[in-house]
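Encoded as structure tokens, the structure appears first; notes follow it.
If you read the sequence from its start, that first residue is 1, and numbering goes on from there.
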Amino acid sequence: MFFLKKLLSALVLPPLGPLLLVALGLLLLRRHPRTGKILAWGGLLAALLLVTPISVMPLVRGLEGCFAPVDEARLRQADAILILGGGARNYAPEFGGRTVNRLTLERLRYGARLARHSGLPVMVSGGATRPSQTPEAVLMKAALEDDFGIPVKWMEARSQDTRENAELSATALLPAGIRRIVLVTHAAHMKRSVEAFEHAGFQVIPAPTANLSGPADGDEGLPMLPSMNTAYAGWYAVHEWLGLLAYRLSR
């Protein structure tokens with residue numbers, strides 16, 4: 001099921017999704033010229049919209065706009081900090097093999113900062129795509145303890161998506177009386193994560209990081225013209241909106 005979801009995502013999300021529409025339209029041009037033109041031009045338009053700031057920005061802000069950085073007062077109300085995995089880098093010889101990828105590292109850095117300021121215990125959550133791989137949670141624990149000097153109290157290492165992050169974390173934390181959590185993930189991923197963790201029984205204090213909709217004058221913001229940053233933000237936004245829709249329909 002995990003690999004099926006990944007395959008469907010690759011077929012729908014940019015850049016492959018719009019390109020497939022263009023290709024299908026071109027194939028249909030001879031026998032069904034009207035339909036072929038609609039599909040081909042629709043795919044081209046979708047590809048352009050998803051790399052253009054004026055169209056990507058509303059998609060991103062719709063995900064990130066609900067959540068502000070966590071403040072000291074709310075941090076003091078929590079029982080624990082929970083950091084979600086965002087993927088792993090399989091080839092990292094300088095680290096002896098597999099390690100966290102840049103997305104997970106961004107979350108770990110912010111989670112470590114919050115843990116150092118608050119003294120709250122930390123949980124990491126993330127599994128592996130194959131049984132032979134080291135789970136993300138194990139890699140996250142090693143990075144937090146070795147690189148940031150933050151101890152990890154709980155580790156959930158079997159989940160493969162956000163829903164399982166929430167359900168399996170609840171199995172470990174709720175019986176121990178840990179209900180109010182500071183949830184650390186990317187700002188664009190927070191809307192879906194909050195829904196999943198609240199549905200699992202947690203009281204969630206969002207702690208978003210790595211906003212994509214910041215000022216246009218830095219690497220983290222969307223520039224005025226199409227760019228690699230905008231294309232990435234467009235991909236991430238579509239991924240999250242589709243993931244949110246799928247989660248709500250299947251809940």
Is there a path from [X] to [Y] through hydrophobic residues (I, L, V, M, F, W, Y) whose side chains come within less than 4.5 Å of each other?
X: Val184; Y: Phe197; answer: no
X: Leu103; Y: Val100; answer: no
X: Phe67; Y: Phe202; answer: yes

Any salt bridge (Lys or Arg N to Asp or Glu O under 4.0 Å) involving residues 131-150? Give me the pairs, sequence neighbours left out, ordered by first then second residue. Lys141-Glu145
Stepwise side-chain hydrogen bond (donor to acceptor under 3.5 Å, both in side chains) test for Glu156 and Ser125: CA-CA 5 Å; Glu156 181 286 299; Ser125 175; 2.5 Å; yes
Taken in chain and number order and not counting sequence neighbours, the residues that satisfy salt bridge (Lys or Arg N to Asp or Glu O under 4.0 Å) with Arg180 are Asp79
So with a 6.0 Å cut-off around [atom1] of [X], is the heavy-atom count from everything else above 12?
X: Arg251; atom1: CZ; result: yes
X: Ile54; atom1: CD1; result: no
X: Arg109; atom1: CZ; result: no

Those residues at least two apart in sequence (or on a different chain) that pass side chain to side chain contact (heavy atoms under 4.5 Å, CB included) with Leu24 are Leu28, Leu39
Can you measure from [atom1] ([X]) to [atom2] ([Y]) and round to the nearest 0.5 angstrom?
X: Ile181; Y: Gln203; atom1: CD1; atom2: CD; value: 10.0 Å
X: Arg192; Y: Leu242; atom1: CZ; atom2: CG; value: 9.5 Å
X: Leu108; Y: Arg102; atom1: CG; atom2: CZ; value: 14.0 Å

Taking [Y]'s backbone N and O only, do any of them form a donor-acceptor pair with [X]'s side chain (distance below 3.5 Å, no angle check)?
X: Glu106; Y: His186; result: no
X: Arg107; Y: Gly85; result: yes
X: Asn101; Y: Gly86; result: yes
X: Thr52; Y: Pro226; result: no
X: Arg116; Y: Phe148; result: yes
X: Arg98; Y: Thr134; result: yes

For residues Ser250 and Arg163, determine if any side-chain heavy atom of one lies less than 4.5 Å from a side-chain heavy atom of the other. yes
Are Tyr232 and Leu212 close enough that some pair of their side-chain heavy atoms sits under 4.5 Å apart? yes
Do NZ/NE/NH1/NH2 and the carboxylate oxygens of Lys191 and Glu240 come within less than 4.0 Å? no
